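Here is the structure we will look at, set down as structure tokens.
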There are 2 protein chains.
Amino acid sequence: MDEICEMDDSVTEADVLIRGGTILTMDDRGTVIPGGYIAVKGDAVARVGSGNGEGVHAKKTIDCRGGLILPGLINAHTHAAMTLFRGLADDLPLMDWLNQYIFPAESKMDADFVRTGTLLACAEMIMSGTTTFCDMYLFEDEAAKAVDEAGMRCLLGEVLYDFPSPNYGAVADGLRYTENLINKWHDHSLISIAVEPHSIYTCSPSLLKAANDLALRHKVPLVLHVAETISEIKEAKKRYGKKPFEHLEDLNILGPHVIADHCVHLDDTEIQRIIEYDVKPVHNPESNMKLASGVSPVFKLLNRGATVGLGTDGCASNNNLDLFAEMDTAAKLNKVEAMDPTVLDALTVLRMTTSMGAKVLGMAHKVGSLEKGKKADIIVVDINKPHLTPMYNPYSHLVYAVRGSDVSHSLINGKLVMEDRRLLSLDLAGILESSREKSRAVLSWITK
Amino acid sequence: MDEICEMDDSVTEADVLIRGGTILTMDDRGTVIPGGYIAVKGDAVARVGSGNGEGVHAKKTIDCRGGLILPGLINAHTHAAMTLFRGLADDLPLMDWLNQYIFPAESKMDADFVRTGTLLACAEMIMSGTTTFCDMYLFEDEAAKAVDEAGMRCLLGEVLYDFPSPNYGAVADGLRYTENLINKWHDHSLISIAVEPHSIYTCSPSLLKAANDLALRHKVPLVLHVAETISEIKEAKKRYGKKPFEHLEDLNILGPHVIADHCVHLDDTEIQRIIEYDVKPVHNPESNMKLASGVSPVFKLLNRGATVGLGTDGCASNNNLDLFAEMDTAAKLNKVEAMDPTVLDALTVLRMTTSMGAKVLGMAHKVGSLEKGKKADIIVVDINKPHLTPMYNPYSHLVYAVRGSDVSHSLINGKLVMEDRRLLSLDLAGILESSREKSRAVLSWITK
């Protein structure tokens, strides 16, 4: 592994000094600094180097006791407020799950429900090492406010489809609601907005085109589910005579701003479209397994040069938001799918949740690696535990052995949001209590 | 869910009273007791019921604060001391992994190495909810002593193969060593011995037969790897003109005492042999994925009535011993393999690590469920955490959301071995330090 020692003596004052651990910068060269330090000033990384940062005077010093210091993880696809449906219904055929549980519950929900569920998700994500996520759900202005309160970084958007929404009503209102979100949150340091039509099977060609026009006009990403299930492929062929990406190509929608969640059922021509248009696929292995959707050929996408992110999907189909578990599953699932233990090695998988994940969300200039000038989204992993002893290779540890609960500290945008596993930005006990209350409401909705 | 309230007023004195949680008894009826208690006297469960156990006077009371109380988990296949190879080599072709790393390291190891690695494994297992495991490795008398020190329950045996072992030397010595183990540990309350030939591709028919004779003579299980990789199947066909279970049937070895680890590559006739002879398969999904061995058709085995256990395999191919993660993976992997989300539901998977796992190891009369008279192997899961909130279904939580680090307490054979995540039976800091020392030795072995 390379070592660097960036000597920028002009930085002698810092807000936070993190030291005493191995720094995995996740920069393009894969720089690793055993026994390194990071100085944070304001919202950004001011200095990264070897040693204890002795010339730096900091208001706050975090000693990592030999732990791992790395960029905060990026969850490239979730439906945050669905934490409130965690374990509500499992082990069911997809249509029973949707029609008997998820749809009836979603038809009753309101802004306050989404607020509570999103706060719960943020608490869980911070406490398992995630600092940035991409969200798709309902009442997303309320979600944005919750994320702001949690101090997390987020790309989010209101889900759009052809049928009426409990939030905004008709289709045109959904587009207007999204444009209002874009304008409202435009200058926020942590929150950005995407246009998010649900999928090709719930959105008409005209809605998809209007959504894409809106995204292009405001230079924001277009997020949608693509090629998740076999029935989606069949439906697309029946309705349009096309495969999903082929259909989107026909509508002139494909481009580097498109974030395509799932991408499970892809033949070579569909993979070729993803590569040609630089579409950003997001892999959600645990959800795809639990719902028996299939296995995305991520090893093929990566071989062809695709920029692939990793997501947990929502808690109704996972049932947690632990990206460390998701990395482990992604690596292992692709190995057995390819029948090749060398695909999706640990470093590649960690890139999917850091530097490559940042590219997927259009945030590579801000986050995804620990380099001078980037925003200070940093986590510390405590390795003084039996399941993390001994350590031969930090990348291997992070993907195959670490769990979210091993993350001890988290900084987002320079601000300490978790210290020694104590959540600082939110009232955890209050959130757990209101979440339990909401779950009682959910039970009354589905049993009526 | 059923409720029971077993009123045995004769038990009024107890050593330990566990209360204030939901009890998942894992008995045959699937009894769940919300707000229940368990009284433990000596090494056994004396009373299980609803309420706070008010008539019971106990020396020690554990309040579970709404948590889950269940039987300690059973890891039906591992190589405990391989914790010291955790992350030593990943993402490699199987033969490179074995020939460049694992075999050179194993050729150098000694009893003290196995002692340290087994202690580390026990610490990790206790701290992630496992109370019983089945071990196969070298220097197993030393492993047994370490397990005894940890206070865990274990079925273990010296690995036997045709080539010389760093422990016992020649083949006949391995059988003698095993018989000595059987005699030495015969009356131990927690440790039992199995005869453990490695596999059909490393053991000659005569060694397999001799091993089975020894097992039958002493009425102990025979443990071996079967049908793990495609190359094993090819080799068996080439050498014997048979499939692996067919070969074992020919040798007159199959029976209910046989524990067959992996069972990945099975056609219908091989499944039929497992059913007919009541062989006990052990599923190791994470290892099979990571080494790209394949996917065991566990959903088919269960459908046909097989008694299937779950194992983590060793830390060189996983890389941790967390059975909660393994349950999650087992459920999800089988769903996507079957393309059916209803297979391996949460309750079934939890049975694989409790009541059914106990049957696999021949311990169903002692452990695997929380019932009066059974040995008190009990764990408590703390659910006051964001990733475990809300809770609709405790089985779903345990399989799809809980991680090993959520286990707060563990009792084995009536003895408290972990309290509020503090390991009581072992010196954790000392074990971590000696494990790090051993890892430096490993590096010197493989770089020579």
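Please read these numbers as outputs of a predicted model, since none were measured by experiment. Just so we're on the same page: letters track the sequence lines, and every chain starts at 1.
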In terms of heavy-atom contacts, B/Met327 and B/Val399 come closest through O-CG1, 3.8 Å
Do B/Ser287 and B/Asp313 have side-chain atoms, one donor and one acceptor, less than 3.5 Å apart?
-> yes
Note: vs chain A, highest number of non-hydrogen pairs under 4.5 angstrom among B/Leu84, B/Asn334, B/Val343, B/Asp340 is B/Leu84
Do you know which of B/Gly294, B/Ala331, B/Pro285, B/Ser128 has the most heavy-atom pairs under 4.5 Å to chain A?
-> B/Gly294
Among A/Thr312, A/Thr130, A/Asp322, whose side chain to side chain donor-acceptor pair (under 3.5 Å) with A/Asn75 holds?
-> A/Thr312
Given the rule in the side-chain contact (heavy atoms from CB on, under 4.5 Å) test, do A/Lys332 and A/Tyr400 qualify, once you have shown the distances and angles that lead to the verdict?
-> CA-CA 9 Å; A/Lys332 287 172 177 161; A/Tyr400 298 120; 4.0 Å; yes
Say whether, by atom type as modelled, one donor and one acceptor occur between the side chain of B/His397 and the main chain of B/Tyr392 under 3.5 angstrom.
-> no
Taking every heavy-atom pair that is under 4.5 Å apart, which of A/Asn320, A/Thr83, A/Leu88 has the most such pairs with chain B?
-> A/Leu88
Could you check A/Asp91 against B/Thr342 for side chain to side chain donor-acceptor pair (under 3.5 Å), going step by step and ending with a plain yes or no?
-> CA-CA 4 Å; A/Asp91 309 322; B/Thr342 69; over 6 Å; no
Distance in Å, B/Asn288 CG paired with B/Ser296 OG, rounded so as to fall on 0.5 Å steps = 7.0 Å
side-chain contact (heavy atoms from CB on, under 4.5 Å) evaluation trace for B/His387 with A/Ser405 = CA-CA 10 Å; B/His387 70 280; A/Ser405 50; 6.0 Å; no
In terms of heavy-atom pairs under 4.5 Å, which option from B/Ala401, B/Gly404, B/Cys315 contacts chain A the most?
-> B/Ala401
So which of A/Val295, A/Leu92, A/Asn318 has the largest heavy-atom pair count under 4.5 angstrom toward chain B?
-> A/Asn318
Scored by heavy-atom pairs under 4.5 Å with chain B, the best of A/Ile431, A/Asn384, A/Thr329 is A/Asn384
Under 4.5 Å, counting heavy-atom pairs only, tell me which of A/Leu321, A/Val402, A/Val442 racks up the most with chain B.
-> A/Val442
Flag the one option from A/Thr389, A/Leu428, A/Asn319, A/Leu388 with the top tally of heavy-atom pairs under 4.5 Å to chain B.
-> A/Thr389
Leading residue by heavy atom contact count with chain B [cutoff under 4.5 Å; candidates A/Arg86, A/Glu337, A/Glu124, A/Arg403] | A/Arg86
Is it the side chain or the backbone of B/Ala346 that comes within 4.5 Å of chain A heavy atoms, both, or neither?
-> both
Using non-hydrogen atoms and a 4.5 Å limit, figure out which bit of A/Ser293 sits close to chain B: side chain, backbone, both or neither.
-> backbone
